Structures are given as C-alpha cells and as structure tokens.
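Okay, so here's the structure we're looking at.
Predicted model, so just to flag it, every value in this text is computed and none were measured. Naming convention: chains lettered A, B, ... in sequence-line order (proteins, then strands); numbering from 1 in each chain.
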Amino acid sequence: MARPEMLEQIYTVVAQIPPGRVTTYGRVAKMTEGATPRMVGSAMRKLPDGSALPWQRVVSASRRLADHGGAPRQRERLVAEGVTFDAAGRIPVTLLWP
DNA sequence: GGTATGACCATAC
DNA sequence: GGTATGGCCATAC
C-alpha cells in the first residue's frame, strides 16, 4: 500500500534536489527506506500537473529521461533550469545530485 | 486474491 | 554501446 509517510518522504527527497541538478529513481528509492524505483515512478505519475514538486529533476539511471507522456515537457523544464543534454540526449554526470 | 502492468534497477552476456 | 532476466511493490481489473 502507498503509506503516506513513505510518499511524503519521497516528495521531501525530490523537493531537496537543487535547481540545475538531477538525480535518479534508484537514488531517491535508496534514500527512502522501504521504497523501490517503481514506487518513485508511480508517485511521480500520480502528481497533478501544476504540482510545485520538481518532478522533472528525477531521471532514469542511464541519465536519460524516463519514457512517459510528459517527457518532452520534462526536458523543456530542465533546459529552462540550465540542465544541459549532450548529443545522445543524456545528462552529464557532473549534474547528478549525490 | 490472482494476474497484468508500470515515469525502474542491477546484473549478465 | 545494446538485449535479456529477475526482482521490486503499488494499482487496476
């Protein structure tokens, strides 16, 4: 079940990502006790569009945008923050948030 | 309660 | 750099 505490902790971790940096689903899951990458993805999917949560800063472990309907919008929001993409559409390792 | 699906990851090849 | 496999666990039906 989606325990509210865990969901809130996921939101807290995501909210702590600095602007211009990104992190991966696995990292968020590891920082959240009892969570798995799938749950992080589910949590993001459930978010309303106008959410203040910086969901765009969560990317897949290969440093690409996850494959979902809002991916183009996510890429635009990241670029607007100053996140750069290389020719292969990957985010530089230096932008990863530990 | 079983089965299928999903904004995933680590590992092996 | 790719594909395949197993694991993870909440949701939907």
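At whole-Å resolution of the value, CG in A:Leu65 and P in B:dC8 are 11 Å apart. As rounded to whole Å, 15 Å separates atom C1' of B:dC9 from atom CZ of A:Arg63. Look at CE on A:Met44: it is 16 Å from P on C:dA10, rounded to the nearest Å. Per the geometry, CE belonging to A:Met6 stands 9 Å off C1' belonging to C:dC9, to the nearest Å. Rounded to an integer number of Å, the gap from A:Met39 CE to C:dC8 P is 13 Å. Rounding to whole angstrom units, CD of residue A:Glu33 and C1' of C:dC8 are separated by 14 Å. Look at CZ on A:Arg38: it is 13 Å from P on B:dA10, rounded to the nearest Å. Between A:Tyr25 atom OH and B:dC8 atom P the separation is 6 Å, expressed in whole Å.
Across all strands shown, A:Arg90 has heavy atoms under 4.0 Å from sugar-phosphate atoms exclusively, and none from any base.
Across all strands shown, C:dG7 is found opposite B:dC8 as a Watson-Crick or G-U wobble partner, with both distances under 3.5 Å.
The two residues A:Ser60 and A:Thr24 come nearest to each other via the heavy atoms O-CG2, 3.7 Å. Across A:Ala66 and A:Ala71, no two heavy atoms sit closer than the pair O-CB, 3.7 Å.
Of the P atoms belonging to C:dG7 and B:dA7, the separation is 22 Å, rounded to the nearest Å.
Proximity note for A:Thr36 (side chain, C-beta onward) versus C:dC9, B:dA10, B:dA7: the nearest is C:dC9. Nearest to the side-chain atoms of A:Arg64 among the listed nucleotides B:dA7, C:dC9, C:dG2 stands C:dG2.
A sub-4.0 Å separation between OP1 or OP2 of C:dT11 and a side-chain N or O of A:Lys46 is present.
If you check the side chains of A:Glu76 and A:Gln56, you find no donor sitting under 3.5 Å from an acceptor.
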Next on the checklist: A:Arg57 vs A:Trp97, test: side chain to side chain contact (heavy atoms under 4.5 Å, CB included). Steps then yes/no.
Outcome noted: CA-CA 9 Å; A:Arg57 296 178 193 146; A:Trp97 185 57; over 6 Å; no
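A:Thr32 places a side-chain N or O within 3.5 Å of a backbone atom of A:Val28 that can act as its donor or acceptor partner.
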